[in-house]
Amino acid sequence: MLTFARGKKMHLSLIDPDSQEPGEAGVLARRVEQYGSDGIMVGGSTVPDRETAYRTIEEIKKNCSLPVIIFPNNAQTLARNADYIFFMDVLNSPALEYKRQQQMAGAMLVKRWGITPIPTGYMVVSTSRKPTTVETKIPLEVVRGNDHEKAVNYAVYAECMGMQVVYMDAGSNPERPVPDEMVRAVREAVEIPLIVGGGIKTAELAQRKIAAGADVIVTGSLIEENVEQLSHIIQAIKSASSV
Ligand code: 1GP
């Protein structure tokens with residue numbers, strides 16, 4: 001069972017079904033489990049369809065025993081063979097489609113298929129001059145890396161709404177990750193577990209985010225680029241001291 005808790009340091013591996021064939025995803029899943037990752041997120045902003053998501057999860061499950069969490073882009077790409085889903089409010093999107101409509105379209109599927117929803121306050125933090133993919137796909141009220149007050153307000157809202165986690169995401173392959181100071185500001189404001197992802201490609205960066213108050217680190221692109229490096233990141237997370 002996958003349980004997030006404040007102070008419980010974890011690592012999640014993001015596998016994007018759009019980036020490799022399902023068979024290759026299975027090979028990567030086996031590697032990340034060996035390195036000590038705690039779960040596999042399946043998704044991204046460009047997952048083509050439900051069938052691709054299903055086949056990717058199928059191969060992941062053949063190759064490892066880690067829990068699989070859907071990281072959804074829309075209701076059309078949910079797959080019945082996942083264990084969990086980050087059931088999201090995109091906190092800084094003004095678009096009803098991403099606040100409510102996709103969630104409503106997906107809710108009955110999640111229930112029917114017995115996927116466990118993890119109510120998630122998801123925030124996109126803009127740290128790059130060139131927009132990341134998520135920034136091009138979803139209408140956003142921009143939260144820049146120094147907009148601590150906005151980030152804190154969104155996170156506190158998520159906590160008051162009863163969401164189980166806050167996920168601060170700089171998007172895939174950003175120029176820089178969510179700044180330490182912003183992670184710290186949000187950490188001080190809420191009690192719920194804090195997930196941080198986007199551009200965390202070294203052990204030092206992972207350690208810094210944990211030291212600033214992140215509980216869970218997400219790694220995506222690096223798994224496709226240099227999966228061996230992941231072992232250092234996971235070791236750093238597990239040995240880092242948190243606040
Ligand atoms: C993106 O947080 C994830 O939504 C992962 O980002 O691909 O940069 O690791 P990276």
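In this text the structure is predicted, and so the values were computed from the model without any measurement. First listed ligand is number 1; within each ligand, the first listed atom is number 1.
Of all the heavy atoms of Pro174, the ones lying under 4.0 Å from any atom of ligand 1 belong exclusively to the side chain. Only the backbone of Asn173 comes within 4.0 Å of ligand 1, counting heavy atoms alone; no side-chain atom from C-beta on gets that close.
In this structure, CD on Gln20 lies 9.5 Å from CD1 on Ile223, to the nearest 0.5 angstrom.
Nearest protein heavy-atom neighbour of atom 2 (O) of ligand 1: Asp169 OD1, 2.8 Å. Atom 7 (O) of ligand 1 has as its closest protein heavy atom Ser221 OG, 2.5 Å. What sits closest to atom 6 (O) of ligand 1 on the protein, heavy atoms only, is Gly198 CA, 3.3 Å.
By the 4.5 Å heavy-atom criterion applied to side chains, Asn92 and Lys150 are not counted as neighbours.
Checked against the 6.0 Å centroid criterion, the rings of Phe71 and Tyr122 qualify as a close aromatic pair. Checked against the 6.0 Å centroid criterion, the rings of Tyr167 and Phe4 do not qualify as a close aromatic pair.
Closest heavy-atom approach to atom 9 (O) of ligand 1 within the set Gly197, Pro177, Gly220, Ser45: this belongs to Gly220.
Defined by atom type and a distance below 3.5 Å, a donor-acceptor pair is missing between the side-chain atoms of Ser172 and Thr133.
The atoms of ligand 1 that sit less than 4.0 Å from any heavy atom of Phe71 are 4 (O). In the vicinity of Tyr167, heavy-atom distances shorter than 4.0 Å reach the ligand 1 atoms 2 (O), 3 (C), 4 (O).
Residue Gly199 has at least one nitrogen or oxygen atom sitting less than 3.5 Å from a nitrogen or oxygen atom of ligand 1, judged on distance alone.
For Thr219, the closest heavy-atom approach to ligand 1 falls below 4.0 Å.
Counting only residues at least two apart or in different chains, salt bridge (Lys or Arg N to Asp or Glu O under 4.0 Å) contacts with residues 94-104 comprise Asp89-Lys99.
Through direct or indirect side-chain contacts shorter than 4.5 Å among Ile, Leu, Val, Met, Phe, Trp and Tyr, Met108 is connected to no other residue.
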